[in-house]
Engineer: 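Before we start, here is the structure in question, set down as structure tokens.
Numbered from 1 within each chain, the chains take letters A, B, ... in sequence-line order. Worth knowing before you read on, the calculation uses all heavy atoms, side chains too, and leaves out hydrogens, waters and symmetry mates.
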Number of protein chains: 2
Amino acid sequence: MPEIYRILVVDDHKMFLEGITSILNQEEHLEIIGIAYNGKQALNILKEQTPDLIITDIEMPGLNGISFVKAVRSFDTTIKILAISSHQSSATIHQSIKAGVNGYILKNSGKVTLLKAIAEICSGHRFFPQSVQAILNNSIFKKDNSNQNIILSNREKEILKLIAREYSTQEIADTLCISKNTIETHRKNLMRKTEAKNMIGLVKYAIKTDLI
Amino acid sequence: MPEIYRILVVDDHKMFLEGITSILNQEEHLEIIGIAYNGKQALNILKEQTPDLIITDIEMPGLNGISFVKAVRSFDTTIKILAISSHQSSATIHQSIKAGVNGYILKNSGKVTLLKAIAEICSGHRFFPQSVQAILNNSIFKKDNSNQNIILSNREKEILKLIAREYSTQEIADTLCISKNTIETHRKNLMRKTEAKNMIGLVKYAIKTDLI
DNA sequence: TTAAAATTCACGGAAAACGGTGATAAATGG
DNA sequence: CCATTTATCACCGTTTTCCGTGAATTTTAA
């Protein structure tokens, strides 16, 4: 591990970006080698330079944080990645971990947590503070509310998206050129899987899991 | 106007708070007299101290920014208030203006915009940058998509919330102890007002406008 | 005070959703 | 290769939504 950690910061909120760089610049052993306002910009920077650590926001326009992390991991598995997010949804945290982040902290944590996260991650450990673990734990216990085991097929996702666009069963059948009965079967399976009581529940699920 | 502006900063994201104070502290004519993590804390500080300017986030847990601004305006109309938000929804901006903010900037604007906003507001002007005005303009032209003229009554909001909780018309009637027919009338009025095709559209509206 | 809006209620018919059951063929995965 | 999942389709009965129309009472605002 180097004496000085070279860091790339990615966040679409310019003000947050300036704030965080202002904090990091006060630390002698941390060097900001670049900033980017979105995943695409960050990938361009990574073509030229290789930081020790990437600090990235998760919710960003264009190429979002999770896709960005996946993209980075597709060509480099050694760069450390710390996700900073205001997203408290366990689905997002899980997705981030699956994508390959080394740590995940919330934006409402402070400077101390940030610096601790950087230190931990740069020395090879993972960093998921109590606050983040609590969210994951809750989601595990609340199996009824946000079950992670739900796996929807592509067809089901496709139909769910149309339902969310206020299409009726008949209209979906016409759109996909299949029987209305088939759509009804898919609809029933979707309700069973997501434990939704009706279409409203389905759409809320779709929104919650960022399907739409 | 004083030589030195006394500022109270309110934001639930500790990291953002530290970032912004770090930026403001570099300015000699700005003095941070307090920070708060939510509206309630901020109101407590205001019992003891009176800043020239309040910089507040809009989306906060507990007492949210808009309610906080309204609360402040109920006992003080002279304190300047600058809203900093990542919310790009025109509804939120309108609500903030209605609540009585003197300016509204987005979190993806930079230090320069922030300082300009502070200067403008403290000298008695309002500050709504191009980016914010663009959102408002778009929403006016996009009357079909996000009509600002929709005004739902309290009863309608109440019923919409229950709809969003997957309650059927009958269940809502039982909950509110009124006729099923009445609920149907409300439902029809809601659909007409929001131009929703069905319950799905209603719930999406509710989510979009942060009703639920 | 008077007009407008909000809240309440009713009836009837067409359309859609909901629930259960059963079944076939193709694709997938261990 | 074989079990599972996926995707397709059908039927039937009940419930709910959706749509139109009409109306009375209370509350609110000009």
Engineer: Is it true that the NZ or CZ of B/K107 lies under 6.0 Å from the centre of B/F16's six-membered ring and within 45 degrees of the ring axis?
Structural biologist: yes
Engineer: What distance do A/E195 atom CD and A/L202 atom CG have between them, rounded to the nearest 0.5 Å?
Structural biologist: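 A/E195 atom CD to A/L202 atom CG measures 12.0 Å (nearest 0.5 Å).
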Engineer: Calculate the interatomic distance between A/I172 atom CD1 and C/dA16 atom P; express it in whole Å.
Structural biologist: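 Distance, rounded to whole Å: 12 Å.
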Engineer: I need the A/E166 CD to B/N198 CG distance, nearest 0.5 Å.
Structural biologist: 5.0 Å
Engineer: Whole Å only: how far is the CD1 atom of B/I183 from the C1' atom of C/dA10?
Structural biologist: 14 Å
Engineer: Once rounded to the nearest 0.5 Å, what's the spacing between atom NZ of A/K180 and atom OG1 of A/T185?
Structural biologist: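 Here the interatomic distance stands at 12.0 Å.
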Engineer: Respond yes when some side-chain nitrogen or oxygen of B/R155 is under 4.0 Å from OP1 or OP2 of C/dA5, and no when none is.
Structural biologist: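 Checking C/dA5 against B/R155, no side-chain N or O comes under 4.0 Å of OP1 or OP2.
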Engineer: Supply the atom-to-atom distance A/I45 CD1 to A/T50 OG1, rounded to the nearest 0.5 angstrom.
Structural biologist: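 Those atoms lie 12.0 Å apart.
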Engineer: Of the nucleotides D/dA7, C/dT8, C/dA10, which one has an atom closest to the side chain of A/S153?
Structural biologist: D/dA7
Engineer: Under a 4.0 Å threshold between the charged nitrogen and the carboxylate oxygen, would B/E171 count as salt-bridged to A/K197?
Structural biologist: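 The answer is yes: the pair qualifies as a salt bridge.
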Engineer: I'd like to compare against my own output: the B/S/- annotation of nucleotides 18-30 of chain C with a strict under-4.0 Å heavy-atom distance to protein.
Structural biologist: BBBB---------
Engineer: What is the distance from CG of A/N189 to C1' of C/dA17, rounded to the nearest Å?
Structural biologist: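 Roughly 15 Å, once rounded to whole Å.
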Engineer: Can you measure B/K180 atom NZ to C/dC9 atom P for me and round it to whole angstrom units?
Structural biologist: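 Rounded to whole Å, this separation is 14 Å.
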Engineer: Give the rounded distance in Å between these two atoms: CG of B/N154 and C1' of D/dT27.
Structural biologist: 12 Å
Engineer: Compare side-chain N and O positions of B/H186 against OP1 and OP2 of C/dT7 and report whether any pair is under 4.0 Å apart.
Structural biologist: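 No, outside the criterion.
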Engineer: A/N181 has a side chain; which of C/dT7, D/dT17, D/dC9 sits nearest to it?
Structural biologist: D/dC9
Engineer: Could you check how far CD1 of B/I159 sits from C1' of C/dT8, rounded to whole Å?
Structural biologist: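 After rounding, the reported distance stands at 10 Å.
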Engineer: How many whole angstroms separate atom CD1 of B/I163 from atom P of D/dT16?
Structural biologist: 14 Å
Engineer: Nearest to the side chain of B/S168 - D/dT17, C/dT7, D/dC9?
Structural biologist: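 Of all the options, the side chain of B/S168 is nearest to D/dT17.
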Engineer: Report the distance from atom CG of B/N102 to atom CD1 of B/I81, rounding to the nearest 0.5 Å.
Structural biologist: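 B/N102 CG to B/I81 CD1: 6.5 Å, rounded to 0.5 Å.
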Engineer: Could you check whether A/K116 makes a cation-pi contact with A/F127, meaning its NZ or CZ is under 6.0 Å from the centre of the six-membered ring and within 45° of the ring axis?
Structural biologist: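 No cation-pi geometry.
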Engineer: Both distances under 3.5 Å, Watson-Crick or G-U wobble: on that basis, could you give the dot-bracket string for DNA chain D, with [ ] for crossing pairs and | for other-strand partners?
Structural biologist: ||||||||||||||||||||||||||||||
Engineer: Given 3.5 Å as the limit, does a donor-acceptor pair link the side chain of A/S109 with the main chain of A/I105, or not?
Structural biologist: no
Engineer: Between A/T169 and C/dA16, is there a side-chain N or O to OP1/OP2 distance below 4.0 Å?
Structural biologist: no
Engineer: State which residues pass salt bridge (Lys or Arg N to Asp or Glu O under 4.0 Å) with B/E31; sequence neighbours excluded, sorted by chain then number.
Structural biologist: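 B/E31 satisfies salt bridge (Lys or Arg N to Asp or Glu O under 4.0 Å) with no residue once adjacent residues are dropped.
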Engineer: Is the distance from OP1 or OP2 of C/dT8 to the nearest side-chain N or O of B/S179 less than 4.0 Å?
Structural biologist: no
Engineer: Could you give the CD-to-P distance, from B/E166 to C/dA17, as a whole number of Å?
Structural biologist: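 About 16 Å, once rounded to whole Å.
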